[in-house]
Amino acid sequence: MAARQTPSAQARSRRQADHAPSGMWARKKQETRQTLQRVSLQLVLERGLDGVTVDEISSAAGVSPRTFANYFTSKDEALTGDGPCVFDPAMLADIATGAAALDPLPQVHALLSASVAEADGRWEEMRQRRQLQERYPALMARLLGRFASLEDELTGALARRAGVDAQSEIGPRLLAAVSITTLRVAFLRWTEQDSQRSFGAYLEEAFTQLRGVR
């Protein structure tokens, strides 16, 4: 006869049963998303932007066009990808709730450094994406839009920290704009230079220069 589980063991088993399927499903979705991005990039590099359709991307990735539409609204969006960085919500919240009297730049630097950590193993992919973005203005506009969205997120957090209105006070927007420009410059230098150095190394170098200016 199997041993009877204690209430705590039963609860733990239920939690594991609840989280395992959702965890596997989330990983599967992320894998599909990454596959669609990778296939989009490969096909467009081979054939050009106008020479590739969503149906062809979907077929090469082994999914239906409907599945593609669950992840991306267009091939341009898939080509822009999930890079070069995404903010950690907890770190962004820490900036927003930090003491207004303290310099937020060290926390901003830490936020940006954490956001680029996963990019280091994707230098070739990021380099190829940048090449396409420079070749096709619509893709470049999407990349710049991504940086603008990051600036908006950071501006909001800095404004909450200072207890001011982000629309009427220039300080939070100015610091966010300078910080995201620093990130963008580091990204451009990383993708045009040496793959042996990490994105984080270029970002650290850029922030050192920024602190010197201040």
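These figures come from a predicted structure and were not determined experimentally.
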Cut-off 3.5 Å, no hydrogens considered: what does the side-chain donor-acceptor table look like for residues 112-119, sequence neighbours left out?
residue	atom	partner	partner atom	Å
Ser113	OG	His109	O	3.0
Ser115	OG	Leu112	O	2.7

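A salt bridge links Arg173 and Asp152; the closest N-O separation between the charged side-chain nitrogens and carboxylate oxygens is under 4.0 Å.
Summarising the local packing, CG of Leu102 is surrounded by more than 12 heavy atoms from other residues, nucleotides or ligands at distances under 6.0 Å. Heavy atoms from other residues, nucleotides or ligands lying under 6.0 Å from CD of Gln167 number 12 at most.
Atom CD in Gln37 sits 6.5 Å away from atom CD in Glu125 (nearest 0.5 Å). A distance of 12.5 Å separates CG of Leu41 from CG of Leu36, quoted to the nearest 0.5 Å. Between the OG1 atom of Thr191 and the CD atom of Gln133 there is a distance of 8.5 Å, given to the nearest 0.5 Å. Here the straight-line distance linking atom OG1 of Thr182 with atom CD of Glu204 works out to 12.0 Å at 0.5 Å rounding. Here the CD-CZ distance, from Gln30 to Arg33, works out to 7.0 Å after rounding to the nearest 0.5 Å. Here the CH2-OG distance, from Trp190 to Ser198, works out to 8.5 Å after rounding to the nearest 0.5 Å.
For the pair Glu56 (side chain) and Thr53 (backbone), a donor-acceptor distance under 3.5 Å is present.
A continuous path of Ile, Leu, Val, Met, Phe, Trp and Tyr side chains, each step under 4.5 Å between heavy atoms, connects Tyr136 with Ile57, placing both in one hydrophobic cluster. There is no path of hydrophobic side-chain contacts, each under 4.5 Å, that joins Val185 to Met126. By the criterion of side-chain heavy atoms lying less than 4.5 angstrom apart, applied directly or through intervening Ile, Leu, Val, Met, Phe, Trp or Tyr residues, Phe199 is grouped together with Leu210 in one hydrophobic cluster. By the rule that hydrophobic residues join a cluster once side-chain heavy atoms approach within less than 4.5 Å of another member, Leu144 and Leu139 end up as members of separate clusters. Grouping the Ile, Leu, Val, Met, Phe, Trp and Tyr side chains by contacts below 4.5 angstrom, directly or via other members, places Val178 with Leu92.
Annotation: salt bridge (charged side-chain N to carboxylate O under 4.0 Å, His left out) contacts of Arg146 (sequence neighbours excluded): none.
Between Leu175 and Leu154 the shortest side-chain heavy-atom distance does not fall below 4.5 Å. A 4.5 Å side-chain heavy-atom check between Thr32 and Asn70 finds every atom pair outside the cut-off.
Checked against Val52 for a side-chain contact (heavy atoms from CB on, under 4.5 Å), the options Val44, Leu45, Leu79 give a single hit: Val44.
Closest non-hydrogen pair, Pro65 versus Ser58, comes out as CA-OG, 3.5 Å. Between Arg161 and Asp94 the shortest heavy-atom distance is NH1-O, 4.3 Å. When all heavy atoms of Glu169 and Val164 are compared, the pair lying nearest together is CG-CB, 3.4 Å. Considering all non-hydrogen atoms of both residues, Arg129 and Thr80 come closest at CD-O, 3.8 Å. Listed here is the closest heavy atom pair of Ile95 and Leu158: CG2-CD2, 3.8 Å.
A donor-acceptor contact closer than 3.5 angstrom is absent between the side chains of Glu205 and Gln209. A side-chain donor from one of Ser64 and Thr67 sits under 3.5 Å from a side-chain acceptor of the other.
The ring pair (Phe, Tyr, Trp, His ring centres under 6.0 Å) analysis of residues 70-103, with sequence neighbours excluded, yields the pairs Phe68-Phe72.
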Give the C-alpha distance, both sets of side-chain angles, the deciding distance and a yes or no for side-chain hydrogen bond (donor to acceptor under 3.5 Å, both in side chains) between Gln42 and Glu46. CA-CA 6 Å; Gln42 291 171 345; Glu46 293 171 3; over 6 Å; no

